[in-house]
Amino acid sequence: MILQKKFYERETVLVAKQLLGKTLTKKIHGIELTGIITETEAYRGKDDPASHAAVKKTNRNQVMFGQVGMSYVYFTYGMYFMLNVVAKSKKQNAGAVLIRGIHPQNGIKIMKKNRGVKNMKDISNGPGKLTIAMGITMKQHNKDLTKKSELFISDGIKPKKIYQKSRIGISKGVEKQWNFSMNVKDHF
DNA sequence: TAAGAGATACTCT
DNA sequence: GAGTATCTCTTAA
């Protein structure tokens with residue numbers, strides 16, 4: 001079951017938590033690469049200084065102000081793409097969830113090749129790594145993730161335990177504990 | 001195993 | 001022109 005708009009039309013932090021254990025699918029050359037989402041971060045709107053959408057709408061962040069369930073891909077540090085999903089309640093002006101880590105399921109060989117690493121755990125245990133492993137670029141920006149296409153998110157497993165931390169790599173809004181993760185080993 | 005620095009280009013001021 | 005929602009390699013212990 002692909003997650004529908006309603007799933008994303010809730011408070012961003014809640015959606016970030018609920019995305020743990022869900023399945024991310026990327027089609028490439030007719031093959032489905034899939035992975036279980038193991039780490040996420042919530043970025044809201046004007047009430048969140050760390051968010052791209054904290055100040056105002058710009059060319060880059062305008063998707064965060066728009067329709068929920070859309071992908072928000074952006075380029076950072078001169079070489080990495082980040083994958084987000086727009087999620088917000090009707091009260092929020094903007095919001096998105098950063099996918100920070102996945103546990104590879106289908107197409108592990110291809111993802112390994114894309115990354116050029118030996119260890120299974122190094123394939124996609126970071127936001128920049130998983131986009132490389134799955135071949136996600138600006139081409140996947142502003143796509144509808146609630147429809148079965150090149151990129152979508154569907155049901156997965158229910159996490160046994162959820163860990164809550166401060167977000168990573170930011171300088172403002174550090175006090176907000178909006179980083180969520182789960183331990184895949186609990187399930188295998 | 002931990003800490004530090006460099007790579008690199010895009011976005012916003 | 002400064003800062004960046006990161007990763008990898010190198011160095012040292």
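Letters A, B, ... mirror the listed sequences (proteins, then strands); counts begin at 1.
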| query | Which is true for A/L98 with a 4.0 Å heavy-atom rule: it touches a base, it touches only sugar-phosphate, or it touches nothing? | reply | base

| query | Is the phosphate of C/dC7, meaning OP1 or OP2, less than 4.0 Å from a side-chain N or O of A/R115? | reply | no

| request: Find the distance A/M79:CE to C/dG3:P and express it as a whole number of Å. | output: 18 Å

| field | Ring-ring centroid check A/H52 A/Y74, cutoff 6.0 Å | value | yes

| request: Take the protein atom CG of A/L83 and the nucleotide atom P of C/dC7, then report the distance between them rounded to whole Å. | output: 13 Å

| said: What is the distance, to the nearest angstrom, from the NE2 atom on A/H52 to the P atom on C/dT6? | reply: 9 Å

| What's the CE-P distance between A/M82 and B/dA9, to the nearest Å? | 15 Å

| message | Could you check whether any side-chain N or O of A/K160 sits under 3.5 Å from a backbone N or O of A/D186, counting only pairs where one atom can act as donor and the other as acceptor? | response | yes

| note | Tested for salt bridge (Lys or Arg N to Asp or Glu O under 4.0 Å) against A/D48, the lone hit among A/K176, A/R167, A/K172 is A/R167

| query | Taking NZ from A/K118 and P from C/dT8, how many angstroms apart are they, rounded to a whole number? | reply | 14 Å

| task | Between A/D122 and A/E41, name the one whose nearest nucleotide on DNA chain C is closer to the 5' end. | result | A/E41

| With no hydrogens and no angle check, is any side-chain donor or acceptor of A/Q4 less than 3.5 Å from a backbone partner on A/I2? | yes

| query | Looking at A/S171, does any N or O in its side chain come under 4.0 Å of the phosphate oxygens OP1/OP2 on C/dT4? | reply | yes

| query | Does the ring centre of A/F81 sit less than 6.0 Å away from the ring centre of A/H141? | reply | no

All N/O contacts under 3.5 Å from nucleotides 10-13 of chain B to the protein, with atom names and distances to one decimal?
{"unit_1": "B/dC12", "atom_1": "OP1", "unit_2": "A/T58", "atom_2": "OG1", "d": "2.2"}
{"unit_1": "B/dC12", "atom_1": "OP1", "unit_2": "A/R60", "atom_2": "N", "d": "3.4"}

| message | Measure CZ/A/F81 against P/B/dT8 and give the value in whole Å, please. | response | 15 Å

| In whole angstrom, what separates A/K165's NZ from C/dA5's P? | 19 Å

| task | Go through the N and O atoms of the side chain of A/Y74 and the base of C/dA5, and report whether any donor-acceptor pair is under 3.5 Å. | result | yes

| remark: For DNA chain B, the dot-bracket notation using Watson-Crick and G-U wobble pairs below 3.5 Å, [ ] for pseudoknot-type crossings and | for other-strand pairs, is |||||||.||||.

| query | So, A/N61 versus A/K57: side-chain donor-acceptor pair below 3.5 Å or not? | reply | no

| request: Report yes if at least one side-chain N or O of A/R44 is closer than 4.0 Å to OP1 or OP2 of C/dA5; otherwise report no. | output: no

List, one per line, each side-chain donor-acceptor pair under 3.5 Å for residues 28-35 of chain A, sequence neighbours excluded.
{"unit_1": "A/T34", "atom_1": "OG1", "unit_2": "A/N106", "atom_2": "N", "d": "3.0"}

| message | Using only atom types and a distance under 3.5 Å, with no angle test, would you say the side chain of A/T12 pairs donor to acceptor with the backbone of A/R44? | response | no

| request: Compare the ring of A/Y77 with the six-membered ring in the base of C/dT6 and state whether they stack (centres under 5.5 Å, planes under 30°). | output: yes

| said: In this structure, how many angstroms lie between the C1' atom of C/dT6 and the CG atom of A/N179, rounded? | reply: 14 Å

| message | I want to check a possible cation-pi pair here: A/R10 against A/F7, using under 6.0 Å from ring centre and within 45° of the ring axis as the test. | response | yes

| field | Electrostatic pair A/E9-A/K88, nearest N-O below 4.0 angstrom | value | no

